[in-house]
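Take a look at the structure below.
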Amino acid sequence: MRSRRINWTVTILVALGTLFILFPLYMAITISLKNQEDMLGSVFGLPTHWRFENYAEAIKMTNFFQALGNSAFVTIATAVLTLLTNSLVSYAIARNMDRKFFKGLYFYFISAMFIPFPIIMLPIVKLTSGLGMTNLVGLTILHTVYGLAFNVFVYVGYIRSIPTALEEAAKVDGASTWGTFWRIIFPLMMPINATVGILICLSTYNDFLLPLIIISDQDKYTLPLVQYIFQGQFNTEFNLAFASYLLAMLPMILVYVFAQKWIINGVTQGAVK
């Protein structure tokens, strides 16, 4: 059998990339378990006394579980609302791309991806304040609207790959457009729905700037805002700060570890349909 040649260039680059990813994680974990004396010593060394109680102190100082509940509410509500509404908008556009109105609407949504958020930040603050949307519900609605441009781009390409013959057969059987979408098209969109849903969860959970300008009540702060306040208040206690950062990272790491196959599956199925 012909022996396989090792591509050392690629192997070295992969090893270096792995180190660049794992080294910051190593630093975060070791610093979160150090005491103040260890912090004054070697930054890269292991703790002499493993202080797991740093995590308990970080939870207490940041009111972690309340902030986690706020983030979970916004993330889950945004994901559900996005899947239900963005898929409907995309279906209407995908099946009417031959009409000027829907084609223009499609490019209108796509163009929104090129508008920097800081440009519209101040108008959003004034608008949401006037409408009484400076709360978690308003934040959920804004996240759903802001994800519309990218989601329409992804959904339309996927829906147009689904044969229209399925809808024509359903129409012959007496199904309405609404029934056709929910009974035939939406189930066929499950791979791309999983992909969009997971990406929405990651972006919403990690978003910092939008909650910063919208939420004014500290009891409604999400985890990124809590981390920001934590850093400002306890900026000299890096061990507690890093413990808090790791706690905030953990939920989305678990979600991604268990759901990454859905992302890959949705992308690959969308590419070969």
Problem set entry | Audit row: Ser244, Gln227, side-chain hydrogen bond (donor to acceptor under 3.5 Å, both in side chains) steps and yes/no | CA-CA 7 Å; Ser244 179; Gln227 305 308 309; 2.6 Å; yes
Measure the spacing between [atom1] of [X] and [atom2] of [Y] and express it to the nearest 0.5 Å.
X: Thr140; Y: Phe73; atom1: OG1; atom2: CZ; answer: 5.0 Å
X: Asn86; Y: Thr144; atom1: CG; atom2: OG1; answer: 7.0 Å
X: His49; Y: Asn35; atom1: NE2; atom2: CG; answer: 7.0 Å
X: Leu16; Y: Ile21; atom1: CG; atom2: CD1; answer: 11.5 Å
X: Met189; Y: Ser87; atom1: CE; atom2: OG; answer: 5.0 Å
X: Ile141; Y: Met133; atom1: CD1; atom2: CE; answer: 4.5 Å

Taking all non-hydrogen atoms of both residues into account, name the closest pair between [X] and [Y] and its distance.
X: Met97; Y: Arg160; answer: CE-NH1, 4.0 Å
X: Leu68; Y: Pro251; answer: CD1-CG, 4.0 Å
X: Ala149; Y: Phe109; answer: CB-O, 3.0 Å
X: Trp50; Y: Pro47; answer: NE1-O, 3.7 Å
X: Ala58; Y: Leu247; answer: CB-CD1, 4.4 Å
X: Ser111; Y: Tyr108; answer: OG-O, 2.6 Å

Problem set entry | Centroid-centroid under 6.0 Å between Tyr245 and Phe242 rings | yes
Side chain of [X], backbone of [Y]: donor and acceptor closer than 3.5 Å?
X: Ser203; Y: Ile200; value: yes
X: Thr30; Y: Met27; value: yes
X: Ser71; Y: Leu223; value: yes
X: Arg183; Y: Ala175; value: no
X: Thr78; Y: Thr75; value: no
X: Asn54; Y: Lys34; value: yes
X: Asn70; Y: Leu136; value: no
X: Asn135; Y: Gly138; value: yes

Would you say the side chain of [Y] lies within less than 4.5 Å of the side chain of [X], judging by non-hydrogen atoms?
X: Ser32; Y: Asn239; result: no
X: Leu166; Y: Leu188; result: yes
X: Thr222; Y: Phe208; result: no
X: Ile214; Y: Ile124; result: yes
X: Lys171; Y: Thr180; result: no

Problem set entry | All pairs passing salt bridge (Lys or Arg N to Asp or Glu O under 4.0 Å) where residues 187-210 contributes a residue, at least two apart | none
Is it possible for you to say whether [X] and [Y] belong to one hydrophobic cluster, with membership spreading through side-chain heavy-atom contacts below 4.5 Å?
X: Met113; Y: Ile192; answer: yes
X: Ile253; Y: Tyr205; answer: yes
X: Phe150; Y: Phe107; answer: yes
X: Val152; Y: Phe101; answer: yes
X: Met190; Y: Leu88; answer: yes

Can you confirm whether [X] is buried at [atom1], in the sense that more than 12 heavy atoms of other residues, nucleotides or ligands lie under 6.0 Å from that atom?
X: Phe153; atom1: CZ; result: no
X: Phe117; atom1: CZ; result: yes
X: Phe102; atom1: CZ; result: yes

Seminar exercise, completed: Residues passing the side chain to side chain donor-acceptor pair (under 3.5 Å) test with Tyr91, sequence neighbours excluded, are Glu167
For this session: Could you please spell out the steps behind the side chain to side chain contact (heavy atoms under 4.5 Å, CB included) verdict for Val156 and Ser90?
Result: CA-CA 5 Å; Val156 167; Ser90 303; 4.1 Å; yes
Exercise. Would Tyr55 and Leu33 satisfy side chain to side chain contact (heavy atoms under 4.5 Å, CB included), going step by step from the backbone distance to the final call?
Worked result: CA-CA 8 Å; Tyr55 290 90; Leu33 294 171; 3.5 Å; yes
Problem set entry | Test side chain to side chain contact (heavy atoms under 4.5 Å, CB included) applied to Thr195 and Tyr158, step by step | CA-CA 12 Å; Thr195 301; Tyr158 191 91; over 6 Å; no
For this session: Give the ring-plane orientation class for Phe186 versus Phe181, where under 30° counts as parallel, over 60° as perpendicular and anything between as tilted.
Result: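 Judged by the thresholds at 30° and 60°, the geometry between Phe186 and Phe181 is tilted.
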Exercise. How far apart are the C-alpha atoms of Thr134 and Ile215, what are their side-chain angles, what is the distance that settles it, and do they pass the side chain to side chain contact (heavy atoms under 4.5 Å, CB included) test?
Worked result: CA-CA 5 Å; Thr134 55; Ile215 304 298; 6.0 Å; no
Problem set entry | Side-chain donor-acceptor pair present, Tyr221, Asn63, cut-off under 3.5 Å |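 Result is no, nothing qualifies.
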